Number of protein chains: 2
Amino acid sequence: MSQKQQDNKKQITINDVAKEAGVSKTTVSRYLGKQYDSLAEDTRKKIEEAIKILDYKPNRMASGLKGGRSYLIGMVVADITNPFTVSILHAAEILCRSKGYSLMVCNTNNDPKVEREYIFMLQSHRIDGLIINTTGKNNQFLLDMAKQRTSVVLVDRKIPELGFDTIGIDNMTPTMEAVQFLLKQDYERIAFFSEPVDGISTRHERLTAFQSVLKAHDHPSQNDIYEVSLNKADDLKKQLECFLNDTRNAKRAIFSANGVVSLNLIKESKARGLKIPEDLSIIGFDDLDWSEIITPPLTTIAQPTEDIGRTAIERVFERIEGDTSPPKEILLSARLKLRGSTH
Amino acid sequence: MSQKQQDNKKQITINDVAKEAGVSKTTVSRYLGKQYDSLAEDTRKKIEEAIKILDYKPNRMASGLKGGRSYLIGMVVADITNPFTVSILHAAEILCRSKGYSLMVCNTNNDPKVEREYIFMLQSHRIDGLIINTTGKNNQFLLDMAKQRTSVVLVDRKIPELGFDTIGIDNMTPTMEAVQFLLKQDYERIAFFSEPVDGISTRHERLTAFQSVLKAHDHPSQNDIYEVSLNKADDLKKQLECFLNDTRNAKRAIFSANGVVSLNLIKESKARGLKIPEDLSIIGFDDLDWSEIITPPLTTIAQPTEDIGRTAIERVFERIEGDTSPPKEILLSARLKLRGSTH
DNA sequence: TTGTAAGCGTTATCAC
DNA sequence: GTGATAACGCTTACAA
C-alpha cells in the first residue's frame, strides 16, 4: 500500500456540506459560527448530519484569510532544552488548546538571527498572539508585529521600553535572600556564575541583587563574577578552575544563575572530585527534577514556571479578546529552598 | 500608550507591492515564488525594493489556501515534560525551520481524547505533515488524515498495521543486554517497572525482551512486573513497597522502562533510606541530564533522541516532496551505559 | 518577460 | 430563517 493518497480527492468544503444538507453555504457558515438562533432547528440537524457523513473539517486558512483570526499563537523561547522553558510551554499549551488555539513553538537557541527569522515566519502565518522569551535584539521587529494585529507578551525577560505586557518573577528578593543566607554561614568567597548577561533582564537583575548584598556587607567577592558560554566547550571548566585556584582554603560557594549552569557546575565539580558542600557549596536558580535526588540535594530558588506560562497565555487571550488597557508587568515570586548543597 | 493598534491599517498585500513597484501582482507572485528566471533583472529589483519599503510579509493563509501547502507541521507528543520528548522535538524544530516550516506542538499527556482533539485541530489547519508519538487509540483518525493530504510519521511507538513511516529504536537488543548483564551479576530478583503497557509498542517490546531473557534462564522473576501510574499519587510508592517486601534479603534490581519512572523510583528509594546499589540496584531506559551526577551515577540505556527527531522530520519532508515509496520502518540503536547504580 | 482573470474555502452584507 | 454575491490575498493557466 502506497502511503500517498492516489485518489487525491479534493478537500470536502462548505459547499459539499451545503449540497448534502440541501441548504446554502451561507447557512452552513452560520452553523459553523455557532449562530444557532438564526437557524431552524431542522436545518441545523441536517447540517450536523451532513458534516458527519462527509467528515467535513472547516479550513482555518480560508476562514482566517477572510475574516480574522488564524487561531495560532507563537511561542518563541530562548532554549527549549532548558526544563524551565518546557514547564512554561507546558502550561501555555494546556490553556491554548482549551481555547481552540494552537501553539507554534520556536526555539531560538538565544540567537538573535534565528529569533528574527522566526518572527517573520510567524508574521507570515498571521499569528494572533505571541509569547516570547526574547534575546532583546529584535525589539523593532516586535514592535512592528504588535502594530499589525498580534498581541505580544514578554515572558521571563523584561524590556520595559517596549510597552508590552510582561510576565516574570521578582529576581531581586530571592537572590538577595540567598546571598544573605550564604553570608550568614560565613562564606568567605562567593562566585556568581551565569550565562552571559548581555542585557538580559533576568540575568542582570540576579547579578545586581548579588552584588548589592555583597557591597552592603563590604564582602571581598564583589568581583567574583563569571560569565560562561555553555556551548563553548571547556569554558565553564576553565572559569570554575579560575575561581577555585583563586580561593584555595577559603570557605566558598557558588551562586548559579540558572539550572543548566548548575548542572554543568555539578558535573565539573564531580569530575574534579570536589565534595559538596565541604569543598564548594552551590546554590542555584531553578528547582529541577533532579535537584533533590542528587547527593547532597541542591539548594535552589524555585520559580513558579507553570504559573508564568499560564499567566502569559491568559494575558495574550485578554488582548486578543479586545483588552486595550495599558501594558501590565506581572511579577510572580520565587522561593528559596534550602537543601544540603549549602551548609 | 495603548497596546492595541489604533490605526488598524489593513495589511500590506501583494497588490500594494505591485502598485509600488509598478508591475502586476502576478509578477510579484512570481518573485515570491522565486521564479527569477522569468523576471527581468530590473523588475526584480523594483519588487525587492517595494517589499522593503512597505515591509511586506506574504500571507501564508492566502497562499496556503490557493496553492496547497500550509507550511505547518504538527508534532503530537505524549508527554512534553519528558526530556526524551523534548530532545526529539528539539531536533525536529531545527530542520523544520531550515525548510521554512513551522512546528505546531501538541501535548496529549497520553490522553486519547486530547489526542483526538488535536488531530482535528491540526486537520483544520491543513498541516502538511504530522509527527506523532501516539496513544494508539485514534488509528482511524490518523488514517483519515493521511487520506487527505497530510504525511504521517510515527515516532517511538509503532503501529505496523497502519502503514505509516515509523522511526523508533530497537528496544529488544538493549533490554536483553541489560537483563543479561544483571543476570551475570547474580541478581536474585529483578523487577520490571513501567508505566502501563496498554498496547504501547515501546513498553511492550521492553517488557517482552525482559521476560524472554528471564524465561530463557528460568529465573524466578518472570512475574515481577509492576505497572505504575505516575499521575496517581503513591501508586509507585506502593508498588515499590510491594516489590521490596517480597524480596527481603535478596540481591535485587529494578529495570525501569523510562527516565521518568527511574526518577521517581530513585526519589522513593531515597525517601526510604535505601542504598543504591547495595540495597537495590537500578537500571533505566533514557540517559538524562542528571543520570551521571547522582550518587551513584545511574546505569542507563541511552536512546538517540536527536537522531529520532531528525530522521522523523526528514521522512516527513521526503513525503511532502512527493516520495510515494512504501512505508519505511527505521530502527535506530540504543546503547547500554554501565554506571554505579548496578554492581 | 509580463499581465488578465479565475478560483482557493471561507465570512459578511445585503436582500428576500 | 435563508440565500446570492462580493470580498479576503494569493497562485496559476492562458494570453499577449
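Remember, predicted model here, so these are calculated numbers, not experimental data. Residue numbers begin at 1 in each chain, while the letters A, B, ... track the order of the sequences.
The pair Asp55(A)-Lys57(A) meets the salt-bridge criterion, with a side-chain N (NZ, NE, NH1 or NH2) lying under 4.0 Å from an Asp/Glu carboxylate O. In this structure, Asp165(B) pairs ionically with Arg315(B), as a charged nitrogen and a carboxylate oxygen lie closer than 4.0 Å. With salt bridges taken as basic N to acidic carboxylate O contacts below 4.0 Å, one links Asp307(B) and Arg310(B). At a threshold of 4.0 Å, the pair Arg97(A)-Glu117(B) counts as salt-bridged, since one of the basic side-chain nitrogens sits closer than that to a carboxylate oxygen.
Checking Asn15(A), Ile53(A), Ile47(A) one by one against Glu20(A), the side-chain contact (heavy atoms from CB on, under 4.5 Å) holds for a single residue, Ile53(A).
With rounding to whole Å, Leu65(B) atom CG is found 18 Å from dA6(C) atom P. The distance between atom CZ of Arg69(A) and atom P of dG9(C), rounded to the nearest whole Å, is 24 Å. In this structure, the NZ atom of Lys66(A) is 10 Å from the P atom of dT11(C), given to the nearest Å. Here dG7(C) presents its P atom at 19 Å from CD of Gln11(A), a figure rounded to the nearest Å. Spacing between atom OH of Tyr71(A) and atom P of dG9(C) amounts to 20 Å, rounded to whole angstrom units.
Side-chain N/O atoms of Thr166(A) and Glu329(A) include no donor and acceptor closer than 3.5 Å. In this model, a donor atom of one side chain and an acceptor atom of the other lie less than 3.5 Å apart for Asp144(A) and Gln140(A). Between the side chains of Thr150(A) and Gln123(A), no donor-acceptor pair is found at a separation under 3.5 Å. Arg126(B) and Gln11(A) share a side-chain donor-acceptor pair at under 3.5 Å.
Residue Tyr71(A) places its OH atom among 12 or fewer non-hydrogen atoms of other residues, nucleotides or ligands, all under 6.0 Å distant.
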Report, one line per pair, each donor and acceptor closer than 3.5 Å where one atom sits in a side chain of residues 27-41 of chain A; sequence neighbours left out.
from, atom 1, to, atom 2, distance (Å)
Thr27(A), OG1, Ser24(A), OG, 3.3
Tyr31(A), OH, Glu48(A), OE2, 2.9
Ser38(A), OG, Gln35(A), O, 3.2

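Heavy atoms of Tyr56(A) sit under 4.0 angstrom from primed sugar atoms or phosphate atoms, though from no base atom.
Proximity of a side-chain donor or acceptor of Asp156(B) to a complementary backbone N or O of Gly168(B) within less than 3.5 Å is not detected.
Less than 4.0 Å separates DNA chain C from at least one heavy atom of each of the following residues of residues 17-30 of chain A: Lys25(A), Thr26(A), Ser29(A). Of the residues in residues 35-48 of chain A, those placing a heavy atom less than 4.0 Å from an atom of DNA chain D are Ser38(A), Leu39(A), Ala40(A), Thr43(A), in numerical order.
Rounded to 10 degrees, the angle between the two end axes of the helix from dT1(C)-dA16(D) to dC16(C)-dG1(D) is 30°, with five pairs used at each end.
Here the range on DNA chain D touched by chain B, meaning any atom under 4.0 Å from one of its heavy atoms, is dG9(D) to dA13(D).
Scored by the ring pair (Phe, Tyr, Trp, His ring centres under 6.0 Å) test, Phe317(B) finds Tyr101(B) as partners (sequence neighbours excluded).
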